[in-house]
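Notes for the one structure printed next.
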Amino acid sequence: MPRSFPLERIRNIGIIAHIDAGKTTATERILYYTGLTYKIGEVDEGTAVMDWMEQERERGITITAAAITCYWHDHRINIIDTPGHVDFTAEVERSLRVLDGGVVLFDGVAGVEAQSETVWRQADRYRVPRICFVNKMERLGADFHRTISMIESRLKATPLPVQLPIGSGESFRGIIDLIEGKAWTYDEEPEKPPQEIAIPESMQSQCTEYRHAMIEKLAEIDDHILVAYLEGSEIAAADLRQAVRKATLAGRVVPVLCGSALQNMGIRKLLDAIVDYLPSPVDMPPVRAIDTKTDSEVTRSASDEAPFSALAFKVVTDPYIGRLVYFRVYSGRVRAGAQIYNSTRNKTERIGRLLLMQSNRREEIDVADTGAIVATVGLKNTFTGDTLCQSNQPIILESIRFPEPVLSIAIEPRTRADQDKMGDALRKLTEEDPTFKVYYDEETGQTVIAGMGELHLEVIVHRLLTEFGVGAKVGRPRVAYKETITLPVQSEGRFVRQTGGHGQYGHVIIEMEPMERGGGFEFTNRIHGATIPKQFIPAVEAGVKDAMETGVLAGYPMVDVKVALIDGSYHEVDSSEISFRVAGSMAFKNGVRKAKPVLLEPIMKLEVVTPKEFLGDIIGDLSAKRGRIELIETHGETCIIQALLPLAETFGYATDLRSQTQGRATHSLEFHSYQELPSEVAEKITDTAGFVKYA
C-alpha cells in the first residue's frame, strides 16, 4: 500500500520559546500562509486557532500544546505549538521528546530570556536540531545583533545568521537573505507577496561581512564549500543551503532568521527554512529501544516496512469523543481497528478511530504511517510515556521524564454530590498532566493537589469548576519542602515479636550518608557472607523507602540519602520479608535522628525586566524576601535582574512587582534547586507541624 505522503518530505517540528515571544502569533501566520485558515487568528482578540481552550483565550497565553498539520512546497509539516510559561513545562518536555526539529522564537527586544534557556536545555537533552527566529523586530528597542550574541553567550550555541533585518523598530521594513544575496520588503496587507529590492547601499558592507563569516563557518564543516572557498569561486545558493542543512542536522550550527509575526514579515521565509534546514524522520538516527524478551538494546529505523513502534506522549479528555491518546509513530504503520501491544504496562489494546488533529478539530484517517503524529480513541490503559508496538516484537522506547511538583493546595468538595464528580475529574486531570499530582493527607483528612506553580494550580482549579462542573473549596498554597541528613552515621534496626507459634525476627545494620543536592536515593548491599539471605535484601530496601516517605522534622519526604546494608542477622523460622521490611524502616528512622536532619526548600530562578528607575526598590524587596541577586544587566534604560528566590516568598510576587513599578516590569520564574532552609525559618515550620526537634 503506498504511503499517504513521502517520508523525506515530512517535518515534525515544535514552536518553542519564552512566554510572550510570539509563538502562537507566528503559528497563526503559518496556518494562514499554508492555506489552512482563510483569516489570521489573533491572540489578543481570542481568535487564535491554536489557543482553543477557554482559559487560553481569556488569559492570552498558551496552556496546552496543540498539534496541527499543514503543507508547504509539497512538504507536510506537523506543528506542535507549546506553552512558554514555566508552570506548563511538561507540555514542552513531552513535545520535544517526539519531535524531530524545533523553531525557537526570541523577542527581538528582550533577546534570550529565562524560559528561553530552559526550553533550549530541554531541546539539547533530546538532541533536537533547531532554527531560531528573532521576532518582534518592529518593536522599539529590537536588536538583532544583540540577540545573536546572547544566543552565543547564554545558550553556548553557534548561531549562523542567514538573514539580516533592514532597519529595526519603526524603521523595520524587510529582510536580506544572505544565502540568496537578495533583499525583500513587505506590505501591510498579509496576502501581498514580499517585493524584491536591491540591497540598501548602507548595508552592503555589513551584508558582505556577514555572508563571508557564514561561508567561513560552513567551510569548517563542509568539504565542498571549503574547496570552493579556497579557490575563491562563487558558491551557488543551493550548495550553501545544503551545507547549512548538513551543519544544522549535525548540531554544529543554529541558523538564525528574523521578522515580525504580528506584521506578517518573514513568515514565508521561515516556512522555507523549516523545509530546507530541519530534519525529516529519515534524517534522524534510528530510535533506540530495549527488547523486553532479551533485555538488550535494539533500534527501529524510520521505515514503513519495520515493525510497528510508537510512543504515547499526551492524554486528553475530549468532552465530545472521550479519552484521546496522542502518539508518534517511529517505525511501521498501524490501521484503525488494529490490535497493538502496550509493552510498558503489558496490556493488549485496540486502536479505535485514528485522528489527524487540527488543534481541537479532527480529521479521520485510516492508516498512521512512520513519522505520523496522530491521536486515537479507545486506548483505555495507555498513559503518557507508554510504548505501543507489535506483540510478537515487544520493545520499550525511552520514556519522558517530568519534574516533581513544588506547590500544593488542599481542596475539598462542597457537597456529597460533588465528591464523586471531583474524584472522577481529578483522575482525568492527572492522566492528562504528569506534573499534576493528587494525594490524600491522612493527618488533616484533606485531598491535596500539587503542581508546578500558582498559575498551574489556578488553571487546574478553574477547569474543575467550569469544565467538569465540580463545586469545591480551595485552601492556601503550601510549599513542597523536603528533608535530608547532613552527617554519615551507622544505625541498627531490630524487629522481634513473639506471639506463640511463628514469631517475627529481622535485624539489620545500615550505613547512611548524605548525597549532593538532586542525588535522590541510592541503596547498596555490602553484606559479605550469608548473615542475611538474599531474598530478604529487597525487603530491607523497601522498608527504607517506606521510612523515607515521612521525615522526622516535619513529616516531609526524605531525599538525597545513600544507604548501604552492611550487616544483620536472621532466624531460620521466624524471619520473613515483612520482618526485614520493618527492621529496615526502623534502622533508617533511628539513623536519621542521629544524622542531623535538615529541611530543604525549593528555590526558584527569578528574572525581572524593569526600567532602570525601579532597580533599587526591586533589589531591596528581593533582599527582604531572602532573595540572592545573581546578575544585573543593563541595556539602555532597561535592567535585567537574575536572582534566586525561595518559592515560599514568591506567592503574590506579581502583584508586589506591579505596585513597585507602576506595572512596567515583567518577571518569570522557574524551578532551580532544593537548598537548606535557614534554621530560624525551619523552626517555625517544625513548630507548626508539631514534630520533635533533634539536635
Side-chain angles (χ1 to χ4, degrees), residues 17 21-23 25-26 28-30 32-33 40 72 103-112 131-152 159-218 234-237 240-241 244 253-277 635-636 638:
K23 293 179 300 300
T25 303
E28 293 297 321
R29 269 67 183 171
I30 287 172
Y32 176 77
Y33 287 122
I40 295 175
W72 184 254
V103 177
V104 187
L105 261 64
F106 297 100
D107 183 324
V109 179
V112 176
I131 60 178
C132 297
F133 184 78
V134 181
N135 192 25
K136 302 192 179 184
M137 286 303 301
E138 86 288 356
R139 285 184 59 203
L140 184 67
D143 190 334
F144 178 75
H145 307 287
R146 174 175 157 258
T147 304
I148 295 284
S149 64
M150 289 178 79
I151 291 171
E152 202 162 13
L160 184 75
V162 293
Q163 291 178 357
L164 289 178
I166 302 174
S168 66
E170 289 183 359
S171 65
F172 177 62
R173 61 193 180 95
I175 58 173
I176 297 170
D177 189 319
L178 296 173
I179 289 177
E180 296 278 352
K182 296 177 181 178
W184 283 272
T185 57
Y186 292 85
D187 196 278
E188 287 182 10
E189 295 298 323
E191 62 273 5
K192 288 190 178 177
Q195 298 295 310
E196 187 180 336
I197 60 164
I199 295 173
E201 277 189 37
S202 60
M203 294 191 69
Q204 291 276 4
S205 61
Q206 187 188 35
C207 186
T208 304
E209 180 192 332
Y210 267 85
R211 193 172 195 273
H212 188 73
M214 176 184 71
I215 293 171
E216 273 191 342
K217 206 170 279 185
L218 292 173
E234 186 62 34
I235 305 170
L240 283 174
R241 272 195 293 272
V244 173
V253 300
V254 184
V256 185
L257 300 87
C258 59
S260 165
L262 190 64
Q263 295 191 355
N264 315 305
M265 294 184 177
I267 299 300
R268 290 181 178 94
K269 287 290 177 186
L270 175 60
L271 279 161
D272 289 342
I274 289 169
V275 166
D276 290 341
Y277 307 137
H635 302 287
T638 302

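When reading the values below, keep in mind they use all heavy atoms of this one structure, side chains included, and skip hydrogens, waters and symmetry mates.
Pro159 pairs with exactly one of Val134, Thr147, Val253, Ile151 by the side-chain contact (heavy atoms from CB on, under 4.5 Å) rule, that one being Ile151.
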message: Using side chain to side chain contact (heavy atoms under 4.5 Å, CB included), reason through Val275 and Trp72 one step at a time and then give a plain yes or no.
response: CA-CA 8 Å; Val275 166; Trp72 184 254; 4.0 Å; yes
query: Under the side chain to side chain contact (heavy atoms under 4.5 Å, CB included) criterion, do Ile274 and Ile131 qualify, and how do the steps go?
result: CA-CA 8 Å; Ile274 289 169; Ile131 60 178; 4.1 Å; yes
- request: Might you work through the side chain to side chain contact (heavy atoms under 4.5 Å, CB included) test for Asn264 and Tyr33, ending with a clear yes or no?
  value: CA-CA 10 Å; Asn264 315 305; Tyr33 287 122; 3.2 Å; yes
task: Dump the intermediate steps for side chain to side chain contact (heavy atoms under 4.5 Å, CB included) on Phe106 and Cys132, then the final yes or no.
output: CA-CA 7 Å; Phe106 297 100; Cys132 297; 3.5 Å; yes
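What you find for Arg268 and Pro194 is that their closest heavy atoms are NH1-CD, 3.5 Å. Minimum heavy-atom separation, Ala183 to Ile176: CB-CG1, 4.0 Å. Considering all non-hydrogen atoms of both residues, Leu164 and Cys258 come closest at C-SG, 3.9 Å. The heavy-atom pair separating Met137 from Phe172 by the smallest distance is O-CB, 3.6 Å. In terms of heavy atoms, Phe133 sits closest to Gly266 at CE1-O, 3.9 Å. Residues Leu270 and Leu257 approach most closely at CA-CD2, 4.2 Å, considering heavy atoms.
Looking only at distances, a side-chain donor or acceptor of Arg29 sits under 3.5 Å from a matching main-chain atom of Ala261. Side-chain N or O atoms of Gln163 include none that pairs as donor or acceptor with a backbone N or O of Ile175 at under 3.5 Å. With hydrogens and angles ignored, the 3.5 Å screen pairs a side-chain donor or acceptor of Arg211 with a backbone N or O of Leu178. Put simply, the side chain of Thr208 gets close to the backbone of Gln204: a donor and an acceptor are under 3.5 Å apart.
Residues in residues 137-148 take part in these salt bridge (charged side-chain N to carboxylate O under 4.0 Å, His left out) pairs, two or more places apart or across chains: Asp107-Arg139.
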Anything under 3.5 Å between a donor and an acceptor, one on a side chain of residues 196-203, the other on a protein residue two or more places apart or in another chain? List them.
none

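Counting heavy atoms from C-beta on, the side chains of Asp276 and Val244 never come closer than 4.5 Å. Using a 4.5 Å heavy-atom threshold, the side chains of Met214 and Pro161 count as separate. Contact of the Val254 side chain with the Leu160 side chain is not registered, since no non-hydrogen atoms from C-beta on lie closer than 4.5 Å. Counting heavy atoms from C-beta on, the side chains of Leu262 and Lys136 never come closer than 4.5 Å.
Partners of Tyr210 by ring pair (Phe, Tyr, Trp, His ring centres under 6.0 Å), not counting sequence neighbours, listed by chain and number: His145.
Separation of atoms CG (Asn135) and CE (Met265) is listed at 11.5 Å; rounding is to 0.5 Å. Atom CD1 of Ile235 sits about 8.0 Å away from atom CG of Leu218, to the nearest 0.5 Å.
Checked for salt-bridge contact, Glu180 and Arg241 meet the test: a charged N lies under 4.0 Å from a carboxylate O.
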